[in-house]
Enquirer: 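Have a look at this one.
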Amino acid sequence: MTRLAVAPGVVHWPGYLGPEAQAALVADLRAVAAQAPFFQPRMPKTGKPFSVRMTNCGTLGWVSDETGYRYQPLHPVTGEPWPPMPDVLTQAWRDLASYPHEPEACLVNFYAADARMGLHQDRDEQEFDAPVLSLSLGDTAVFRIGGTQRGGKTVSLKLASGDALLFGGEARLAYHGIDRILAGSSALLPQGGRINLTLRRVTKPPA
DNA sequence: AAGTTACG
DNA sequence: AATT
C-alpha cells in the first residue's frame with residue numbers, strides 16, 4: 001500500500017479501498033441516506049446555504065445552521081438518531097488513525113459537479129489529539145491543505161475514489177478545502193459527483 | 001464557523 | 001482579507 005507524506009502530519013493512501021470495497025461502501029451509504037436523508041447545511045448568522053449536501057452516521061453528527069456549527073446526536077430534519085457507522089469505516093479508522101479510541105462521527109459530504117468547500121479548519125471537536133480520517137468515493141476532487149494560519153503556504157492534491165487521507169498531529173488544525181470536482185472522472189456513483197467521508201473523535205475519551 | 005470573492 |  002502506497003503511503004505518501006504530503007506534509008508534516010498529512011498522509012495520503014491512494015487507492016486504499018479497492019473497487020469492490022468502494023462499491024460495498026456505496027451500498028452501505030445508500031442505506032445510511034435512506035435512514036438519514038442528505039440535508040443542506042447553512043452558514044451561521046447569514047443562513048447562506050452550502051453547495052455541499054450532508055448527512056452523518058455514528059453517534060454524533062456535524063450540522064450547521066443559523067445557530068452555529070455543532071455536533072449533535074439527532075438528524076436536524078427528522079429528529080432521529082444517526083444510523084450506526086458501517087463496519088468498514090470503523091475498520092479503516094483502526095487501520096489508519098493510530099488513535100486508541102473509537103470514532104464517534106462520520107460526516108458524509110456529497111459534492112455535485114459544481115460544489116466547493118472553502119478553506120476551513122475542523123475545530124468543533126473537543127478532542128484534537130485524534131486525527132481526522134477522510135475517504136473519497138466517486139469523482140476526483142482537487143483538495144488543498146495548508147497550515148494552521150490563513151495565508152500560509154498550501155499544497156494541492158487530487159483525491160480519487162478509494163483514496164484515504166489522514167491529518168493529525170501538527171496538521172490537525174490545518175486549513176483545508178475542496179477547490180473543484182473533476183466531473184466524469186469516476187463511474188462509481190451513477191449520478192456522478194463525489195462523496196467524502198470524514199471520521200472523527202468528537203469527545204474526550206473517558207479517563 | 002466549512003457561505004462568497006480573491007488569491008495563491 | 002475575516003468575523004467563534
Side-chain angles (χ1 to χ4, degrees), chain A residues 6-10 12 29 32-33 36-58 60-77 82 89 103-159 163-168 170-182 193-204:
Chain A
V6 174
V10 183
H12 180 202
L29 294 172
V32 165
F38 281 93
F39 61 93
Q40 185 168 47
R42 301 183 302 278
M43 283 298 285
K45 309 254 196 235
T46 65
K48 292 209 164 115
F50 287 46
S51 59
V52 174
R53 288 185 295 152
M54 300 182 171
T55 187
N56 291 270
C57 54
L60 291 170
W62 189 87
V63 302
S64 178
D65 60 20
E66 285 80 349
T67 304
Y69 299 160
R70 62 197 176 275
Y71 284 92
Q72 62 182 42
L74 304 178
H75 190 286
V77 177
W82 304 107
L89 299 181
E104 295 172 301
C106 176
L107 176 59
V108 182
N109 285 165
F110 178 75
Y111 293 78
D114 59 351
R116 303 276 188 280
M117 182 71 78
L119 284 178
H120 66 278
Q121 293 174 300
D122 288 9
R123 50 182 293 180
D124 300 312
E125 302 76 26
Q126 298 160 11
E127 173 58 302
F128 293 140
D129 291 339
V132 174
L133 176 61
S134 158
L135 297 170
S136 296
L137 294 169
D139 285 339
T140 297
V142 181
F143 175 81
R144 179 175 300 276
I145 187 166
T148 56
Q149 291 192 295
R150 300 197 99 111
K153 182 169 64 76
T154 63
V155 58
S156 173
L157 62 151
K158 289 180 180 178
L159 296 179
D163 290 6
L165 187 86
L166 187 75
F167 51 102
E170 67 181 270
R172 176 58 181 78
L173 293 173
Y175 277 90
H176 60 283
I178 295 295
D179 286 350
R180 63 170 297 213
I181 300 299
L182 303 182
R194 171 178 187 254
I195 292 173
N196 183 65
L197 308 171
T198 45
L199 282 75
R200 301 188 186 81
R201 179 75 196 195
V202 177
T203 67
K204 288 281 193 187

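The analysis underlying the following values was restricted to heavy atoms, covering all of them including side chains, and did not include hydrogens, waters or symmetry mates. Remember, predicted model here, so these are calculated numbers, not experimental data. So that the names make sense, note that chain A is the first sequence line, chain B the second, and so on, each numbered from 1.
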Enquirer: Within a strict 4.5 Å, meaning less than it, do heavy atoms of the A:Phe39 and A:Asn56 side chains meet?
Expert: yes
Enquirer: What is the separation between atom CZ on A:Phe39 and atom C1' on B:dA2, rounded to the nearest whole Å?
Expert: 12 Å
Enquirer: Can you tell me the distance, in whole Å, between the CZ atom of A:Arg144 and the P atom of B:dA2?
Expert: 17 Å
Enquirer: Base, sugar-phosphate, or nothing for A:Lys45, non-hydrogen atoms under 4.0 angstrom?
Expert: base
Enquirer: Once you round it to whole Å, what is the distance between C1' of B:dG8 and OH of A:Tyr175?
Expert: 16 Å
Enquirer: Between the protein and nucleotides 3-6 of chain B, which nitrogen or oxygen pairs are less than 3.5 angstrom apart?
Expert:
residue: B:dG3; atom: OP1; partner: A:Gly118; partner atom: N; Å: 2.4
residue: B:dG3; atom: OP2; partner: A:Gly118; partner atom: N; Å: 3.3

Enquirer: Rounded to whole Å, please give me the gap between CD in A:Gln121 and P in C:dA2.
Expert: 16 Å
Enquirer: If you find the nucleotide of DNA chain B closest to A:Thr154 and the one closest to A:Asp124, which residue's nucleotide is nearer the 5' end?
Expert: A:Asp124
Enquirer: Under 4.0 Å, heavy atoms only, any strand: does A:Thr198 hit a base, just the sugar-phosphate, or nothing?
Expert: nothing
Enquirer: Give A:Ser64 one of three labels, base, sugar-phosphate or nothing, depending on what nucleic acid heavy atoms sit under 4.0 Å from its own.
Expert: nothing
Enquirer: Going from CD1 on A:Ile178 to CG on A:Asn109, what distance comes out if it is rounded to the nearest 0.5 angstrom?
Expert: 9.0 Å
Enquirer: Give the rounded distance in Å between these two atoms: CG of A:Asn56 and P of B:dA2.
Expert: 18 Å
Enquirer: According to the ring pair (Phe, Tyr, Trp, His ring centres under 6.0 Å) rule, which pairs have a member within residues 117-141 of chain A, sequence neighbours left out?
Expert: A:His120-A:His176
Enquirer: Determine, for A:Arg201 against A:Glu125, whether the closest basic-nitrogen to carboxylate-oxygen distance falls under 4.0 angstrom.
Expert: no
Enquirer: Can a donor-acceptor pair be found, under 3.5 Å and without considering hydrogens, that links the side chain of A:His75 to the backbone of A:Pro37?
Expert: yes
Enquirer: Nearest whole angstrom, please: distance from the P of B:dA2 to the CZ of A:Phe110.
Expert: 23 Å
Enquirer: Distance alone, cut at 3.5 Å: any donor-acceptor contact between the side chains of A:Ser134 and A:Asn196?
Expert: yes
